[in-house]
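The structure presented is a predicted model; accordingly, all values stated were derived computationally and were not measured.
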There are 2 protein chains.
Amino acid sequence: MIPRAAKTQRRTRIQEEKEEKILEAALDVFSAYGFRGATIDQIADAAGMSKPNLLYYFRTKEAVHRTLLDRMLFTWLEPLKAFDADGDPESEIRSYIRRKLEMSRDFPRESRLFANEILQGAPHIEDELTGPLKALVDEKAQVIRTWAKAGKIAKCDPYHLIFSIWSTTQHYADFDVQVRAVLGNNAGEGRFEDAARYLEELFLRGLKVEKVIS
Amino acid sequence: MIPRAAKTQRRTRIQEEKEEKILEAALDVFSAYGFRGATIDQIADAAGMSKPNLLYYFRTKEAVHRTLLDRMLFTWLEPLKAFDADGDPESEIRSYIRRKLEMSRDFPRESRLFANEILQGAPHIEDELTGPLKALVDEKAQVIRTWAKAGKIAKCDPYHLIFSIWSTTQHYADFDVQVRAVLGNNAGEGRFEDAARYLEELFLRGLKVEKVIS
DNA sequence: CGATAAATTGACCGGTTGGTAAAACCTTAC
DNA sequence: GTAAGGTTTTACCAACCGGTCAATTTATCG
């Protein structure tokens with residue numbers, strides 16, 4: 001016995017495997033239906049196990065969701081953390097856009113999980129938003145402001161700049177169905193590069209210091 | 001009797017009022033929890049009536065949802081329809097951005113209803129996306145392409161341009177909680193104007209034909 | 001092997017879900 | 001007023017929800 005108490009001490013091979021399988025399935029379901037719209041049965045089915053079996057590894061539906069959110073939030077902020085104050089502004093912004101776009105391509109379910117959570121009022125992660133996230137954004141906004149003051153980029157509201165990078169890049173994951181519908185289901189491979197090229201140009205032109213025509 | 005059959009022929013004063021009240025309440029609930037996460041009881045409560053009473057006016061939960069989506073889709077496409085091929089490119093784009101941003105400010109629930117639907121795979125409106133929406137976007141993309149060829153704006157992928165305007169403007173409705181958390185709950189009034197000024201500058205600078213420095 | 005703990009299952013629980021039936025209640029038009 | 005039709009409510013249903021429990025099966029290890 002000692003099923004869930006032992007988890008904090010030692011983990012079995014089976015525990016490791018099954019928990020991973022559950023989280024994988026839960027990511028599918030939660031990202032597609034939101035927290036309230038998802039059911040444990042659905043997740044258990046997708047994970048190939050019975051509902052009581054799933055609840056043997058995670059006490060509640062909320063525990064599964066929490067674990068997914070915690071994991072996601074960490075990796076989600078990585079690109080912004082990498083934003084380097086000492087780097088070249090243009091290439092920093094360019095690589096930030098690219099990294100965020102790659103995340104939309106490679107982890108669309110995580111993006112939708114996050115979008116669902118925010119859309120529904122962020123009931124589970126409000127503290128993370130007003131705490132760590134705000135602190136990080138405040139810090140990077142200061143960096144951008146410094147660049148602008150030094151004349152390295154055009155003056156602009158750094159917060160709205162960050163918002164616009166977030167929204168444009170995440171759009172390709174969160175609104176994937178719409179993007180597909182509008183572009184037609186073809187253009188599968190080129191789509192990512194097209195978007196990357198367009199966004200880089202938009203932001204870098206938009207931020208370039210205006211040349212004085214002499 | 002003849003409760004729901006008569007609705008297509010003649011509508012009572014009470015019918016008109018109650019249906020409106022239901023849709024108003026349903027917009028609150030569906031936009032906050034998505035289709036599956038919302039319950040009829042919740043909507044009925046918010047509308048100040050009993051569940052069977054609600055189901056007297058709308059046969060099913062899906063019927064309420066459908067009605068909301070149909071209404072929303074119509075008004076949602078209005079700004080893009082107003083995009084005028086014969087107008088001045090710069091002011092057309094500027095006013096499109098502003099109109100979309102105003103919709104995020106004035107109809108955030110409608111925006112979230114739409115976002116929820118798309119996020120969950122657009123099960124109820126796939127046909128509208130691949131049909132009318134795609135046709136409209138195709139048409140306007142052609143307009144943008146013509147402007148670019150005439151040298152009135154910089155060359156860019158018109159589809160991704162439209163996507164980026166959609167995503168940046170709708171972000172302020174759909175991710176409102178996050179925006180509030182990052183900016184702090186103050187700055188209530190100025191927020192809209194700040195966003196509008198930033199976005200107009202971003203897009204208009206990003207689309208300006210590059211001046212040759214002589 | 002055998003024993004001990006871990007993993008899995010089926011049966012079940014109280015509450016909620018979307019939806020129905022019929023009776024009671026109101027409005028309206030004559 | 002009154003009768004016919006529109007509206008609302010009470011009681012109810014089967015299916016499903018998140019979660020528990022005891023019993024069974026399986027893996028681990030000396």
Take the protein atom CD of B/Q15 and the nucleotide atom C1' of C/dT28, then report the distance between them rounded to whole Å. 14 Å
Rounded distance (Å) that lies between atom P of D/dT9 and atom CG of B/D45: 12 Å
Is any side-chain N or O of A/N53 closer than 4.0 Å to OP1 or OP2 of C/dA7? no
Residues in ring-ring contact (aromatic ring centres under 6.0 Å, His included) with A/F30, at least two apart? A/F35, A/H65
Does the side chain of B/Q170 reach to within under 4.5 Å of the side chain of A/S167, using non-hydrogen atoms? no
Considering only heavy atoms, which members of residues 22-31 of chain A lie under 4.0 Å from some atom of DNA chain C? none
Grab the CZ-P distance between B/F58 and C/dT20 for me, whole Å please. 15 Å
Walk along nucleotides 13-19 of chain D from 5' to 3' and tag each nucleotide B, S or - by protein heavy-atom contact under 4.0 Å, base first, then sugar-phosphate. ----SBB
Does anything in residues 21-30 of chain B form a side chain to side chain donor-acceptor pair (under 3.5 Å)? List the pairs, not counting sequence neighbours. B/E24-B/R109, B/D28-B/R109
Please report, rounded to the nearest Å, how far the C1' atom of C/dT16 is from the OH atom of B/Y33. 16 Å
If the condition is side chain to side chain contact (heavy atoms under 4.5 Å, CB included), which residues does A/R94 pass it with, not counting sequence neighbours? A/E90, A/E200, A/L204
Please confirm whether the shortest side-chain N or O distance from A/S50 to OP1 or OP2 of C/dT8 is below 4.0 Å. no
Side chain to side chain contact (heavy atoms under 4.5 Å, CB included) involving B/E110 - partner list, sequence neighbours excluded: B/L27, B/M72, B/W76, B/F107
To the nearest Å, how far apart are B/I43 CD1 and C/dT16 C1'? 15 Å
Restricting to side chain to side chain contact (heavy atoms under 4.5 Å, CB included), what partner residues turn up for B/Q142, sequence neighbours left out? B/R145, B/T146
Test of understanding: with side chain to side chain contact (heavy atoms under 4.5 Å, CB included), list the residues that count as partners of B/A25, not counting sequence neighbours. B/I43, B/A46, B/A47
Side chain proximity check, A/E139 to A/F83, heavy atoms < 4.5 angstrom: no
What is the distance, rounded to the nearest whole Å, between atom NZ of A/K21 and atom C1' of C/dT8? 14 Å
To the nearest angstrom, the CG-P distance between A/L54 and C/dG10 comes to 15 Å
To the nearest Å, give me how far apart OH (A/Y56) and P (D/dT20) are. 15 Å
Contacts of type ring-ring contact (aromatic ring centres under 6.0 Å, His included), residue B/F175, not counting sequence neighbours: B/H171
